[in-house]
Protein chains: 4
Amino acid sequence: MSDTKNTPAPAPVPGANKVPKTERGRRTLRALLNAAAEEFGEKGFHDAAISQITARAGVATGSFYVYFDSKEAIFQALVRDLSGQVKDFVAPRIAAAPDQIAAEQAGQLAYLEFVRQHKEIYRIIDESEFVDPAAYREHYTKSATRIASRLQSAMERGEISDGDCEVRAWALMGINVFLGLRYGVWGDEAPEDVVREAGRFITEGLAPRKDSPQKSPARREEKP
Amino acid sequence: MSDTKNTPAPAPVPGANKVPKTERGRRTLRALLNAAAEEFGEKGFHDAAISQITARAGVATGSFYVYFDSKEAIFQALVRDLSGQVKDFVAPRIAAAPDQIAAEQAGQLAYLEFVRQHKEIYRIIDESEFVDPAAYREHYTKSATRIASRLQSAMERGEISDGDCEVRAWALMGINVFLGLRYGVWGDEAPEDVVREAGRFITEGLAPRKDSPQKSPARREEKP
Amino acid sequence: MSDTKNTPAPAPVPGANKVPKTERGRRTLRALLNAAAEEFGEKGFHDAAISQITARAGVATGSFYVYFDSKEAIFQALVRDLSGQVKDFVAPRIAAAPDQIAAEQAGQLAYLEFVRQHKEIYRIIDESEFVDPAAYREHYTKSATRIASRLQSAMERGEISDGDCEVRAWALMGINVFLGLRYGVWGDEAPEDVVREAGRFITEGLAPRKDSPQKSPARREEKP
Amino acid sequence: MSDTKNTPAPAPVPGANKVPKTERGRRTLRALLNAAAEEFGEKGFHDAAISQITARAGVATGSFYVYFDSKEAIFQALVRDLSGQVKDFVAPRIAAAPDQIAAEQAGQLAYLEFVRQHKEIYRIIDESEFVDPAAYREHYTKSATRIASRLQSAMERGEISDGDCEVRAWALMGINVFLGLRYGVWGDEAPEDVVREAGRFITEGLAPRKDSPQKSPARREEKP
DNA sequence: CATGAATGAGAGTTCATTCAT
DNA sequence: TATGAATGAACTCTCATTCAT
């Protein structure tokens, strides 16, 4: 979900194996990517069929291979394409926030809203863990790095507490992804409410307020 | 990762389609499950081949269907088998904690350690999202419900702040899973350090300590 | 066309990717090879279809891949299989000859007769130059080496004139192959007549007999 | 390798389906033929791709069909083009020989040298057996006929011994082709040495010289 | 229980050729 | 002439599952 940001846009559709030279070619390529998003989103990578993608796109089977070398290739192109869409949606809302904590919350809200409107994106990106592990790893690593550098700056400015920014970045990303899964893909609760609750979690954590009375006990059971 | 807990244990290996009656049969069944864990862990569900599983187990292809009805069946059996292992490892350490916040951190640490020792488990359970979506959803939903009820009790006892416990449960689970991915599967940092940093995140959040001097604004960029 | 001679028969069908363990399996494998000989012989490697081979053999498409990894694999197995057949036909007739020159002529005759009865073999082995160049080269190199060593021995015994035995081996092999092409595959002249004429060529060459009168001139044009 | 000799040269490039009218067209046609020689030489007929030929030639795919009707067509054109090159190289050296035996040896030497400098030609012409069997057969038949008629004349002049000239022509051609394969394409021995040894084979055969002492028998093994 | 050969539907992929621009 | 996108028939290969022994 990010990071083609400062590259000079080498191709109109990142990841495509061939850059079309004519307008007609550009239309066909876009039709293939849209069809692939539908097909992969509905069926998942392995049950998706290239013949179905071309059928949805309204082109012949062979046309697929004019633009992509393989099923994996279009999947990868699609992941990058969708990542770009997420970035374009979320980035400006982060940039508009007054401080870092507000920024993280704005990003969370934006991410949640985007996921809800593009549920298939969630599945596609997640499945890349199994289809193209390197891409999956790179995707999350880059996102975490970016979050971490935001936190680092904020920490230096004194906006947030001291601590390991990388660990906190991964934790934050985990929160966003799982809230996205639960409340974006599966549920339909109001994103604002979710973010408000999670926001309190972020800003104050599980710790009781300093002025509230502490009691005692314990409890049990496992984790996820 | 859990919750076949209170079933009356109809078979020594939960999920197997047939309970072996002979000692030889039991050995074959166990060999198949071990082989499947390797094969699925290395190749993922779709690229794993039954013929490879039987080859690793040292039995004939046909023998597979004596114990399992299908490829999906052994995968599910395996997921339950592994979930039980995670639960048996994590649960007692949660139960031993003095209070809820300590419990969550103990669970996090235990989970991280377990993931590191069984990296293939992480992958197999994750892939169930695509192999058996209902099981995947149920797995995380049950885990979240359990965490939420722990938080609810703690909240009522005043151990933690007020707020929506389900949202916080999903957030916590997201933190655990992503730290598990980053520091359990991919990295080799000391789990204690990771949990300590994440613990400060949990207990105090991103908010600066009340006594630290506040400066001003800034921000930018997107989320995951 | 030779040279699995002194190996301890590692497999009933040299080159097959899998050795059948049951009688039924052996029958299927043989049926596939026979079908492949027909199909490749009639259509050549590239126009031959695996589906046609299995159809001729009376088995399902998938059964092909029980025994061979690819179209190239069965082609290679077939070349070895046929080479063995040639060897088994020609070798004893060479061994029965009284001296080396008679042996070479007996071999030539036997080769010619064999080619005539198995015209498809000729085409298949020849095509291996393009399908499996290493096999083709090895095939001819080994044959030439064997001929050369026969000539070497004969030379040391004084049965033939002094000279480079390798060059003469390749020359002899060229004669046999081209006479096989012209009079075995394409023509139907009596092999005995052909060999008698070629035999005079072998034993006395183009040189006029010592007692015949020499004249003068010259001439022109190219070679093959 | 020859014999478009007396046709009225309808086009600068024999075999091309269309004669270019412009200078630009002529350059494109020549670029395509050169590219085809490379591509067919490296990959063989079936693995060669039109798209690769056009890529090598630096023209668009569609341009190919301006000059050739099909893949087979350019292959044939190429074979004729190369045959002409062989002929032009070999013929004058045969014509310059003082007698028939010297002529055959001169031809052999010239052929060997040419093959060595144009290894891809050997392969391309050989493959025509499978791409265009009629052309292949005609090619060798014509060559043999020409050699036979030379021998016939020489025989009538008493330069060579009596015998069937056609059989001897095919034998000679076989020698040349196989020595070309072994010492032209695969090896790098001095052509003169090869021809000298083969020459002794031609002029005197395998027979021991009349004045050398005869010993006795022995033999074994098969032919090619 | 175990074996391993057989099955066959279905997938991805190739590429010579056509044609609108 | 030149271009390059579009075509689609045809092919090789995979593998979960069945079944006779």
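Convention: sequence-line order gives letters A, B, ...; per-chain numbering from 1.
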Distance check needed: dA16(E) C1' versus F75(D) CZ, whole Å only.
16 Å

Once the angle between the rings of F45(A) and F40(A) is folded into 0 to 90°, is it parallel (under 30°), tilted (30 to 60°) or perpendicular (over 60°)?
parallel

Between R56(A) and E42(A), is the salt bridge (Lys or Arg N to Asp or Glu O under 4.0 Å) condition met? List the steps.
CA-CA 13 Å; R56(A) 283 183 203 255; E42(A) 286 175 22; 3.0 Å; yes

5'-most contact on DNA chain E (nearest-nucleotide basis), K21(B) vs S70(A), goes to K21(B)

Quick one: side chain to side chain contact (heavy atoms under 4.5 Å, CB included) partners of Q52(C), sequence neighbours excluded?
E39(C), K43(C), A49(C)

Check whether S83(B) reaches the backbone of V79(B) with its side chain - one donor and one acceptor, N or O, closer than 3.5 Å.
yes

Closest-nucleotide ordering on DNA chain F, the 5'-leading residue of T28(A) and T22(D):
T22(D)

Is K18(A) reaching over with its side chain to a backbone N or O of D69(A), donor-acceptor style, under 3.5 angstrom?
no

Please identify which of these residues, I53(C), L78(C), T28(C), meets the side chain to side chain contact (heavy atoms under 4.5 Å, CB included) condition with L33(C).
L78(C)

Please report, rounded to the nearest Å, how far the P atom of dC15(F) is from the CD atom of E39(B).
10 Å

Look at the side chain of Y67(A) and decide which nucleotide, out of dA5(E), dA6(F), dC13(F), has an atom nearest to it.
dA6(F)

From C-beta outward on Y65(B), which listed nucleotide comes closest to its side chain: dT13(E), dT12(F), dT18(F)?
dT18(F)

Among dT12(F), dA6(F), dG4(F), find the nucleotide with the atom closest to the side chain of K18(A).
dG4(F)

Side chain proximity check, F130(B) to R123(A), heavy atoms < 4.5 angstrom
yes

To the nearest angstrom, how far is E23(A) atom CD from dG4(F) atom P?
16 Å

In whole Å, I'd like the distance from the CZ atom of R24(C) to the P atom of dG4(E).
14 Å

Report the stems of DNA chain E as range-with-range entries sorted by first number; a stem here is at least three consecutive pairs, Watson-Crick or G-U wobble, both distances under 3.5 Å, and write none if there are none.
E:2-21 with F:2-21

Using every non-hydrogen atom in the two residues, find where I74(D) and A36(D) come nearest and quote the distance to one decimal.
CD1-CB, 3.7 Å

dC1(E) P sits how many Å from F68(B) CZ, rounded?
13 Å

Residues touching DNA chain E, which here means a heavy atom under 4.0 Å, drawn from residues 42-64 of chain B
V59(B), A60(B), T61(B), G62(B), S63(B)

Trace of the salt bridge (Lys or Arg N to Asp or Glu O under 4.0 Å) decision for D132(A) with R137(A):
CA-CA 9 Å; D132(A) 186 349; R137(A) 184 166 178 163; over 6 Å; no

Check the distance between dA5(F)'s C1' and L32(A)'s CG and give it to me in whole angstrom.
12 Å

Would you kindly give the CG-to-P distance between D69(D) and dT17(E), to the nearest whole Å?
9 Å

